[in-house]
Amino acid sequence: MSDKPIERRRQYPYHEIEPKWQGYWKANKTYRQPNPGEPGFDPSRPKFYVLDMFPYPSGDGLHVGHPEGYTATDIVSRYLRKRGFNVLHPMGWDAFGLPAEQYAIKTGQHPAITTERNVNRFRQQLQRLGFCYDWDREINTTDPGYFKWTQWIFLQIYNSYYDAETQKARPVSELEAQGLSRDEIDVRRLAYVAEVQVNWCPGLGTVLANEEVVDGKSEVGGFPVERRPLKQWMLRITAYAERLMSEMETLEWPEGIKRHQREWIGRSEGAEVKFKVESTGDSLTVFTTRPDTLFGATYMVLAPEHPLVDAITAPEQRDAVSAYRQQVASKSEMDRTALAKEKTGVATGGYAINPVNGERIPIWIADYVLISYGTGAIMAVPAHDDRDHEFAEQFGLPIRLVVQAPEGNTDQCFCGDGTAINSPLIDGLPTQEAKRKITAWLEDQGLGRKTINYKLRDWLFARQRYWGEPFPIIWEDGKHQALPESALPVVAPPLDDYKPGGTPEPPLSKATDWVEYSETARRETNTMPQWAGSCWYYLRFTDAQNASRFAGVEAERYWMGANGKTGGVDLYVGGAEHAVLHLLYARFWHKVLYDLGYVSTIEPFHKLVNQGLILGEDMQKMSKSRGNVVNPDHVVDEYGADSLRLFEMFMGPLEQMKPWSTKGVEGVYRFLGRVWRLIMDSADEGESWRISEKVKDVEASPAILKVVHETIRKVGGDIDSMSFNTAISQMMICVNELTGAEVRPLSALAALLQVLNPFAPHLSEELYERLTQQFTTLPKGPLSEVPWPKYEERYLIEDSIEIVLQVNGKVRDKMRVPVAATKDDLQTAAMASDKIKEAIQGKQIKNVVVVPKRLVNIVVI
RNA sequence: GCCCGGGUGGCGAAAUCGGCAGACGCAAAGGACUUAAAAUCCUUUUUCCGGAGACGGGAGUGCGGGUUCAAGUCCCGCCCCGGGCACCA
């Protein structure tokens, strides 16, 4: 019992035809897409840019989740090519990053070696699935020819500042021209160095961005993360908060992702209000979204790290305050959030004066106030804020009602909109008006102003790792300095020991010769985070080989061109897990490049689609520990690539989460076998296949014409709306119809292969080739170059149609009527039906509803 | 706690506009072919009641209401599942 049983079960020779066509496509560069100006480029065709989120080539190889989105984009690409578009459909590798380095440390192999091996494996696996990528555009973020431009873009960011006036990035050379000093310029750069509280992850030996920390643990690996102050490279993404928010409006993105980004940016309108510190006369600024509740402020809270804490603290509270601050500082981020159930804090013994009523209120410090948001200080209104309420209850602080809740509201602590009370300046005003009036009053008095705050923080851009892009920066006399463009790429030196040392000292600092740039200058030894390479890869694809620019001007303009939409990649497909990180960072870089005139659109990705997760057969998330992982290689071995592709699309809607089913794969495999046998016949158990005698070059019957043209119509429409599952259903209906027919007209089979081609490219190519060998009337192949068929309305129209006859909404009879039947005709015909007569006998007709082409409903009592 | 997404046969699902609920596939059952099996082809398959049968009747899209001649689809109130956010003042 060797593999004989499998041999025998094989529905069609996919094991021969799939490698055959893959070889053909490769040898003929079938899917190479020339750029404008290159030989073979056809400027008369419209363009379409279809992009997959490029994978991180892990050591595990492809899993069945990868081909889901890739198959969807492959179908769209093949379809649009047949529809006469120039289609850009590239693939590459996001290969820098932690897992490769972790793996390298574990196995003692250099990450460059393991990365290359993984990439080769991924490429080979993808090619086995027959995807129509233009492999001449393949990119790899770890390739010096690629990251040269990642570093170059960093330099553009470094050499820019954000001009608040025009809301645009501008070169810092303009500031120089204005006579600003070096230090003044450095604090305005979009890439800057600052001493900040960072997320230090000892487990990974690096700092992490806020976005990479989940529940106080690292997103990669789940190691604990500590807060500690560190001097770090930051990117001023906050300058773009407003534009990242507003310029998203016209994008065709899932609402959920847009909302997610909005929440992460966290725009909130409010006011800054100045309180005077009683003892020192210092002014203490708070941010509030509810200036209308100022009269209800019964105490203030500062973040423990607030710079004025020492000055404010009264001598008798000094010990308590410093003990509390120490306790907070030693807490990890996780402890701080985990203990959120109970509020902690301590009074400073200092007092502030409420600017609206001159009231003296105590100043506390508590870790529920964050130093990194707003001004790091709040006015506490315990009557109308849940957090303040909880704190006040705990420490016995007074609670004063200043907003009358609407009738019927029973909230213990009402936080919504109501009417101002106990607030002399604004009594009786509804919340929104009260906010406006009190803010205007504060501005008049010079006590405050309207402000907008964002949750978004600047992007911590440095990592203490080896396997990432080095910064094109040197340090001299304690100051950073950009390397000239001619020094790019800055390539990391080979290192024997690239392990993290447990301190924030990056591994690159061990390469002493490399670090020593000159007698007086040292190189920056941090590297860029993994996100850097993926921030602009979609641009590189437009002109992947360009050695003199990140992408040629014309290529970028052509492929990213707007076509009347927002512009950018026309269709971008990938997982929802990148909702915040990648998409936000890439949009930010793109906008900087746009401001500086390097790219032509304000946004990188016009339409975004998230594919749903594929679960294991047990309805659980696929994971090695559960043992429910499906390996695509095995599926291809047993059923062929076309079956895998077809099944991934047939399972259900692309965006939906859905479980794997081996039986389901067998189902579509059988379907492909039926397609094969529709055309091919074998006398001797599949040994020698020849074209079936039932295939004839004759006129198709009306019934066959109808189903074929309906299939052309439906499949095209379904690809447009990315409803691949229903497109496949329709093809199955078509095949069922043809299977039952005595004669299988050539034209019908050719049309079927046409529409099947984007889904099952190998099988359809092979069958088409065999048909063209016997029937020379068919347009010459390869099928991938034969235009998409047109359906003809006239074959779809029927002269009679079945309508439903209802009595009180219940179906009582059905009948066939001419399509052109009028309402009156239908009503008359319905009344003539015996079953209807019986159903309405002895009852009074109250109303008759006639819907042409659908139904007649007789309402009786 | 807050914000999303989703509940339709034994299972995955379908149902542009409110107009025959369950297309298509899986599984299951029966039949044809075969010495036999596999494969293939054909038929049945939401459920309950009546009938030997063709067939007839009732119920049915998480639950309870509502709008409508007509509701899976629209409105109100709940329940359950999945995901995300979580002291952002």
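Chain A is the first sequence line, chain B the second, and so forth, proteins listed ahead of strands; every chain is numbered from 1.
- Across all strands shown, A/V804 has heavy atoms under 4.0 Å from base atoms, whether or not it also approaches the sugar-phosphate.
- In this structure, the nucleotide among B/A27, B/C42, B/C20 sitting nearest to the side chain of A/R674 is B/C42.
- Separating the NZ atom of A/K714 from the P atom of B/C24 is a distance of 13 Å, rounded to the nearest angstrom.
- Closest contact between the side chain of A/Q806 and the listed nucleotides B/C20, B/C3, B/G12 involves B/C20.
- Other residues, nucleotides and ligands contribute only 12 or fewer heavy atoms inside 6.0 Å of the CZ atom of A/R854.
- For B/A89, one of the phosphate oxygens OP1 or OP2 lies less than 4.0 angstrom from a side-chain nitrogen or oxygen of A/S268.
- Contacts of A/K835 with the nucleic acid, taken as non-hydrogen atoms under 4.0 Å apart, involve only primed sugar atoms and P, OP1 or OP2.
- Here the CD1-CZ distance, from A/I363 to A/F275, works out to 9.5 Å after rounding to the nearest 0.5 Å.
- Separation of the P atoms belonging to B/G5 and B/A89 is 23 Å when rounded to the nearest angstrom.
- The nucleotide whose nearest atom lies closest to any side-chain atom of A/K814 is, among B/A14, B/C20, B/C42, B/C20.
- For A/V849, counting side-chain heavy atoms from C-beta on, the closest listed nucleotide (B/C69, B/G57, B/A89) is B/C69.
- With hydrogens and angles ignored, a donor-acceptor pair under 3.5 angstrom links the side chain of A/K343 to the base of B/C87.
- If you check every strand for non-hydrogen atoms under 4.0 Å, A/I378 touches a base.
- Between A/Y669 and A/Y14, the ring planes are perpendicular. Angles over 60° get that label, and only those under 30° would be called parallel.
- For A/V811, whose side chain is taken as the heavy atoms from C-beta onward, the closest listed nucleotide among B/C20, B/A27, B/C24 is B/C20.
- Across all strands, A/K810 comes closer than 4.0 Å only to sugar-phosphate atoms, never to a base (heavy-atom distances).
- Here the separation of B/U73 from B/A21, taken at their P atoms, is 14 Å to the nearest Å.
- Annotated as syn: B/C17, whose glycosidic dihedral is within 90° of 0.
- The interatomic distance linking A/M731 (CE) with B/A14 (P) rounds to 15 Å, in whole Å.
- Using atom C1' as the reference point in both B/G9 and B/G83, the two lie 27 Å apart (nearest Å).
- Nearest nucleotide to the A/W264 side chain, out of B/A86, B/G19, B/C20: B/A86.
- Salt-bridge annotation for A/E710 and A/R713: present, with a side-chain N of the basic residue lying under 4.0 Å from a carboxylate O of the acidic one.
- For the C1' atoms, the distance linking B/C55 with B/C42 amounts to 23 Å, nearest Å.
- The separation between A/M619 atom CE and B/C26 atom P is 19 Å, rounded to whole Å.
- Using cut-offs of 30° and 60° on the angle between ring planes, the pair A/W364 and A/F395 is tilted.
- In terms of position along RNA chain B, the nucleotide closest to A/T739 lies nearer the 5' end than the nucleotide closest to the other residue of the pair A/T739 and A/D385.
- Under the side-chain contact (heavy atoms from CB on, under 4.5 Å) test applied with A/L302, the options A/I378, A/V369, A/L284 reduce to a single match, A/L284.
- Atom-to-atom, CG of A/L613 to C1' of B/G84 comes out at 14 Å; the value is rounded to the nearest Å.
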Would you write the dot-bracket representation of RNA chain B, where each base gets (, ), [, ], | or . depending on whether it forms a Watson-Crick or G-U pair under 3.5 Å and with which partner?
(((((((..(((......[....))).(((((.......))))).(((((....)))))..(((((..]....))))))))))))....
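- Spacing between atom CD of A/E655 and atom P of B/A13 amounts to 14 Å, rounded to whole angstrom units.
- To the nearest whole angstrom, the two C1' atoms, one in B/G31 and one in B/C81, are 42 Å apart.
- Here the side chain of A/K663 is nearest to one of B/C24, B/G58, B/A27, namely B/A27.
- Closest to the side chain of A/M732, out of B/G25, B/G19, B/C69, is B/G25.
- Within the nucleic acid shown, A/N725 comes within 4.0 Å of sugar-phosphate atoms alone, with no base atom in reach, counting heavy atoms only.
- Remark: A/E263 does not engage A/K258 in a salt bridge, criterion side-chain N to carboxylate O under 4.0 Å.
- Here the side chain of A/R713 is nearest to one of B/U40, B/U16, B/G84, namely B/U16.
- In terms of position on RNA chain B, the residue among A/G809 and A/Y454 whose nearest nucleotide sits closer to the 5' end is A/G809.
- A/E666 places its CD atom 14 Å from the P atom of B/A38, with the value rounded to the nearest Å.
- Distance noted for atom P between B/C80 and B/G22: 32 Å (whole Å).
- Within the nucleic acid shown, A/N453 has no heavy atom closer than 4.0 Å to any nucleic acid atom.
- Under the 30°/60° scheme for interplanar angles, the aromatic rings of A/H578 and A/H582 are found to stand perpendicular.
- B/C11 and B/U45: their C1' atoms are spaced 14 Å apart (whole Å).
- For A/L855, whose side chain is taken as the heavy atoms from C-beta onward, the closest listed nucleotide among B/U40, B/G19, B/A15 is B/G19.
- Going from the P atom of B/G66 to that of B/A13 covers 32 Å, rounded to whole Å.
- Note: OH (A/Y368) to P (B/C87) measures 13 Å, nearest angstrom.
- Not one side-chain nitrogen or oxygen of A/Q730 sits closer than 4.0 Å to the OP1 or OP2 atom of B/A14.
- Across all strands shown, A/E255 has no heavy atoms under 4.0 Å from either base or sugar-phosphate atoms.
- When only modelled atom types and interatomic distance are considered, A/T739 and A/N736 share no side-chain donor-acceptor pair under 3.5 Å.
- At a threshold of 4.0 angstrom between heavy atoms, the contacts of A/R812 are confined to the sugar-phosphate backbone, with no base atom among them.
- Remark: A/K694 does not engage A/E742 in a salt bridge, criterion side-chain N to carboxylate O under 4.0 Å.
- Contact between the side-chain N/O atoms of A/N847 and the OP1/OP2 oxygens of B/U68 is not found at any separation under 4.0 Å.
- Side-chain contact of A/T711 with A/Q730: a donor-acceptor pair under 3.5 Å is present, judged by distance alone.
- Within the structure, a side-chain polar atom (N or O) of A/Q11 is placed less than 4.0 Å from OP1 or OP2 of B/U40.
- Computed from coordinates, the A/L805 CG to B/A70 P distance equals 18 Å when rounded to whole Å.
- Note on A/S661: nothing from the nucleic acid sits closer than 4.0 angstrom, heavy atoms only.
- Using the six-membered ring where Trp is involved, A/F391 and A/Y368 have ring planes that are tilted, between 30° and 60° apart.
- Contact check, A/N857 against B/G19: no side-chain N or O comes under 4.0 Å of OP1 or OP2.
- A/R449 and A/E272 are joined by a salt bridge, as a carboxylate oxygen and a charged side-chain nitrogen come within less than 4.0 angstrom of each other.
- Shown are A/I836, A/L805, A/V804; of these, the side-chain contact (heavy atoms from CB on, under 4.5 Å) with A/R812 is made only by A/I836.
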Are there any protein N/O atoms within less than 3.5 Å of an N/O atom in nucleotides 4-8 of chain B, and if so, which ones and at what distance?
from	atom 1	to	atom 2	distance (Å)
B/C4	O2'	A/R259	NH2	2.7

